Amino acid sequence: MEAKRDRRTIRTGKGALTHRAQRRFFSILISRLLRNVHQTKDRTRMYMRLADEAARFYGDAVNKEAIRQVKEALCDPDNRWVKLINRVIDETDPHVAKMTLLNLGYEAFFRGTKMIRENRERYHCNIPWLILFDPTDACNMHCEGCWSGTYGRKANLSYEEMDKIVTEGKELGVYLYMLTGGEPLVRKDDILKLAEKHNDVQFAIYDNSTLIDDAFCREVVRLGNLMFQLSIEGTPDTNDARRGIGHYDAVMHAMDLFRQYGILFGISVCYTKYNVEAVTSDDFLKLVTDKGARYGFYFHYMPVGVNAVPELLPSVEQRKYMIGRIRQIRSEDCDLPFFPMDFQNDGQFVGGCIAGGRDYFHINASGDAEPCVFIHFSDTNIRTHSILEMLQSPLFMEYRKGQPFNHNHLRPCPMLENPELLRQMVKRSGAHSTNAEALEDADHLCAKCDDYAAAWKESADAIWETQPKKKPLYENYEPEQLKKYMAQFDKVYPIREGQQEDLRKQA
């Protein structure tokens with residue numbers, strides 16, 4: 001692997017610049033932006049400057065239509081998402097805002113994306129945009145239906161192993177790292193140490209809120225490169241029924257602290273048959289946005305592990321409701337300063353399943369590389385393999401050969417909606433179960449999804465037929481799969497003007 005990427009020269013519209021020089025340039029530009037936006041009501045000029053620099057950075061590879069649409073939106077001060085950006089900048093500590101724009105904006109979106117696409121071509125495997133890892137299995141809670149609370153406290157990634165993940169990930173272009181568990185802040189000191197050493201990447205932590213205090217918040221502001229997704233599931237009753245008495249109050253306290261210190265945060269919601277309405281109600285959304293949450297990740301309950309409770313799976317009608325509700329919250333008809341994302345139902349916007357390293361993968365607290373946080377099978381480990389070797393392993397290559405697992409992106413998952421495919425991939429790759437509570441083979445796991453997949457298929461196919469579709473400019477699929485995927489658009493959907501040459505190069 002090519003090391004020392006920070007000294008690597010990258011060609012931009014302005015010529016050849018080293019990474020260090022580029023980062024310094026964007027750091028100055030962002031500092032000016034933040035200084036100017038606080039001194040003037042007219043922020044459009046600086047936003048447009050950032051858009052122009054992004055286009056210049058990508059050079060000939062830039063999506064000119066996307067840049068045009070972004071600039072058009074930025075010129076409208078009444079645009080809902082421009083107002084959200086302004087609000088986030090106004091509320092966030094200046095150092096936190098600068099580091100987030102620098103690391104998540106320049107390093108991850110601009111430079112990282114470019115490196116990742118180059119490395120996908122170089123290594124002929126999936127290279128992810130983010131890596132999710134578990135510092136520990138230890139958790140101080142026991143949520144109903146969750147595997148983490150049953151794993152015990154024996155598995156932990158050492159600081160050196162976490163450092164290896166980030167160091168090798170950066171060499172491939174990965175500058176966003178999400179931490180889960182267990183409860184990540186059980187390893188609070190090591191996480192802060194890691195964020196300080198790798199102050200050029202963005203860390204996003206899924207957290208249960210119970211270990212957040214003033215001292216921790218002060219460290220987060222000092223470092224500037226950590227953000228949070230706080231777990232919450234609706235009302236005090238619906239939340240504490242699954243997560244335990246007192247948890248709702250802990251989340252409210254953590255939100256108050258984060259807002260006081262100007263720390264970026266959102267919410268993480270596992271929706272089940274019993275809380276779908278509660279976690280999407282107007283009252284709930286108003287509460288979390290009033291508290292300062294500006295984004296949210298919604299996760300469909302997955303019946304993973306022998307401790308799973310399949311009865312928690314949402315019904316077909318509830319899932320149909322979630323599709324419509326999340327899109328309505330994101331529409332111009334809703335004025336909440338909040339952007340929700342639905343991990344299961346937003347597949348149409350990201351080309352289906354993003355796991356297996358296509359856009360992300362998971363490393364558990366024992367070091368096993370798993371295609372997805374919900375797919376507990378592996379054939380490599382960070383203690384014996386590099387990040388690149390993990391991505392080239394038989395299991396991950398099975399994912400690459402199979403994606404997209406369904407051309408209906410409302411049925412994206414090889415477990416929940418296409419369980420026969422996960423059975424086949426695990427068998428062909430020889431991957432083993434990594435479930436630490438009790439080993440669970442693919443047949444046992446997928447048997448809990450068979451009836452759900454069959455029930456969802458008819459409704460999903462009917463909804464998919466009504467969805468607007470356009471031929472994508474870029475999809476990270478294996479070449480043969482890409483040709484098959486693109487062929488469907490040639491038959492059914494018109495090619496937008498100017499796309500032919502881009503599509504020919506991709507195929």
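Reckoned from all heavy atoms, side chains included, excluding hydrogens, waters and symmetry mates. From a predicted model like this one, the values you see are computed outputs, not experimental measurements.
Taking the charged nitrogens against the carboxylate oxygens, E53 and R49 do have a contact shorter than 4.0 Å, which makes a salt bridge. Taking a cutoff of 4.0 Å between a charged side-chain nitrogen and a carboxylate oxygen, K273 and E317 do not qualify as a salt bridge. Ionic pairing of D52 and R68 is not present here: no N-O contact between side-chain nitrogen and carboxylate oxygen is shorter than 4.0 angstrom. A salt bridge does not link E121 to R117: none of the charged nitrogens lies less than 4.0 Å from a carboxylate oxygen. Salt-bridge formation is not detected for the pair R327/D342: no Lys NZ or Arg NE/NH1/NH2 atom is positioned less than 4.0 Å from an Asp or Glu carboxylate oxygen. Between K401 and E480 there is no salt bridge, since no side-chain N of the basic residue sits under 4.0 Å from a carboxylate O of the acidic one. Classification of R259 and D290 as a salt-bridged pair fails, no side-chain N sitting under 4.0 Å from a carboxylate O.
Here the side chain of D93 pairs no donor or acceptor atom with the backbone of V221 at under 3.5 angstrom. Proximity of a side-chain donor or acceptor of K291 to a complementary backbone N or O of M255 within less than 3.5 Å is not detected. Formation of a donor-acceptor pair under 3.5 Å by the N79 side chain with backbone atoms of V82 is found in this model. Judged purely by atom type and a 3.5 angstrom limit, W456 uses its side chain to pair as donor or acceptor with the backbone of L410. Between the side chain of H376 and the main chain of E370, no donor-acceptor pair closer than 3.5 Å is present. A donor-acceptor contact shorter than 3.5 Å is absent between the side chain of K71 and the backbone of Q69. A donor-acceptor pair under 3.5 Å links the side-chain atoms of R294 to the main chain of T289, judged by distance alone. Side-chain N or O atoms of Y106 include none that pairs as donor or acceptor with a backbone N or O of F25 at under 3.5 Å. Using a distance-only test at 3.5 Å, with no hydrogens or angles considered, a donor-acceptor pair links the side chain of R80 to the main chain of C334. S27 contributes no side-chain N or O that, together with a main-chain N or O of R23, makes up a donor-acceptor pair within less than 3.5 Å.
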For F339 and R330: C-alpha separation, side-chain torsions, deciding distance, then whether side-chain contact (heavy atoms from CB on, under 4.5 Å) applies.
CA-CA 6 Å; F339 186 83; R330 289 198 299 243; 3.4 Å; yes
Run D134 and H362 through side chain to side chain donor-acceptor pair (under 3.5 Å) and show every step you take.
CA-CA 8 Å; D134 301 346; H362 177 238; 2.9 Å; yes
Salt bridge (charged side-chain N to carboxylate O under 4.0 Å, His left out) between E478 and R358, intermediate numbers included
CA-CA 10 Å; E478 189 272 336; R358 178 171 169 261; over 6 Å; no
Show your reasoning for whether side-chain contact (heavy atoms from CB on, under 4.5 Å) applies to Y261 and F216.
CA-CA 11 Å; Y261 282 92; F216 179 69; over 6 Å; no
List the steps, then state whether salt bridge (charged side-chain N to carboxylate O under 4.0 Å, His left out) holds for D335 with K83.
CA-CA 10 Å; D335 61 359; K83 289 194 288 187; over 6 Å; no
I would like to know whether N126 and R120 meet side chain to side chain donor-acceptor pair (under 3.5 Å); could you show each step before the answer?
CA-CA 6 Å; N126 282 339; R120 287 168 180 167; 5.8 Å; no
Between L257 and I212, does a side-chain contact (heavy atoms from CB on, under 4.5 Å) hold up when you go through it step by step?
CA-CA 8 Å; L257 283 175; I212 293 167; 4.2 Å; yes
side-chain contact (heavy atoms from CB on, under 4.5 Å) between L130 and D359, worked out
CA-CA 6 Å; L130 71 91; D359 280 312; over 6 Å; no
Does the pair N418 and N406 meet the rule for a side chain to side chain donor-acceptor pair (under 3.5 Å), with working shown?
CA-CA 8 Å; N418 307 277; N406 200 306; 3.0 Å; yes
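Ring planes of F258 and F265: tilted class, angle from 30 to 60°. Ring geometry for H300 against Y452 counts as perpendicular: the plane angle is over 60°, on a 0 to 90° scale with 30° as the lower cut.
A centroid separation of less than 6.0 Å is found between the aromatic rings of H407 and Y485. In this structure, the ring of W129 has its center no less than 6.0 angstrom from the ring center of Y175. Taking the six-membered ring for Trp, Y399 and F361 have ring centres at least 6.0 Å apart. Between Y301 and Y271, the ring centre distance reaches or exceeds 6.0 Å.
Residues K448 and G305 come closest through the heavy atom pair NZ-O, 2.9 Å. Nearest heavy atom pair, residue A460 against residue R411, reads CB-CG, 3.6 Å. Taking all atoms of both residues into account, the shortest heavy-atom contact from Q403 to C353 is NE2-O, 3.7 Å. Residues G356 and F396 approach most closely at O-CD2, 3.3 Å, considering heavy atoms. Taking both residues in full, the closest heavy atoms of P404 and H409 are given as CB-CE1, 3.8 Å, listed atom of the first, atom of the second, then distance. Residue L391 comes nearest to P128 through the heavy atom pair CD1-CD, 3.7 Å, listed as atom of the first residue, atom of the second, then distance.
Contact check for I191 versus F203: no side-chain heavy atoms found under the 4.5 Å cut-off. P419 is listed as a side-chain neighbour of D450, based on a closest heavy-atom distance under 4.5 Å. Between D76 and T44, every side-chain heavy-atom pair lies at or beyond the 4.5 Å cut-off. Within the 4.5 Å cutoff, the side chain of L172 has no heavy atoms near those of the M115 side chain. S231 has its side chain out of reach of S209: every pair of non-hydrogen atoms, C-beta onward, lies at least 4.5 Å apart. Contact annotation: the side chain of I131 approaches that of I165 to within less than 4.5 Å [non-hydrogen atoms, C-beta and beyond]. Side chains of E91 and L264 form no contact here, defined as non-hydrogen atoms less than 4.5 Å apart. With contacts defined as side-chain heavy-atom distances shorter than 4.5 Å, the pair Q318/Y274 does not qualify.
If you check the side chains of N208 and T210, you find a donor sitting under 3.5 Å from an acceptor. Side-chain atoms of Q344 and E417 form a donor-acceptor pair, as typed in the model, at a separation below 3.5 Å. Between the side chains of D461 and N408, at least one donor-acceptor pair of N or O atoms lies under 3.5 Å.
Other residues, nucleotides and ligands place more than 12 heavy atoms under 6.0 Å from the CG atom of N199.
A distance of 5.5 Å separates CD1 of I205 from CG of L179, quoted to the nearest 0.5 Å. To the nearest 0.5 Å, the span separating CG on L50 from CD1 on I30 amounts to 6.5 Å. The line from CD1 of I116 to CD1 of I127 is 8.0 Å long, rounded to the nearest 0.5 Å. Annotation: the span from I267 atom CD1 to F297 atom CZ amounts to 11.0 Å, rounded to 0.5 Å. Taking CD of Q202 as the start and OG1 of T100 as the end, the distance is 4.5 Å to the nearest 0.5 Å. Atom CE of M99 sits about 10.5 Å away from atom CG of L101, to the nearest 0.5 Å.
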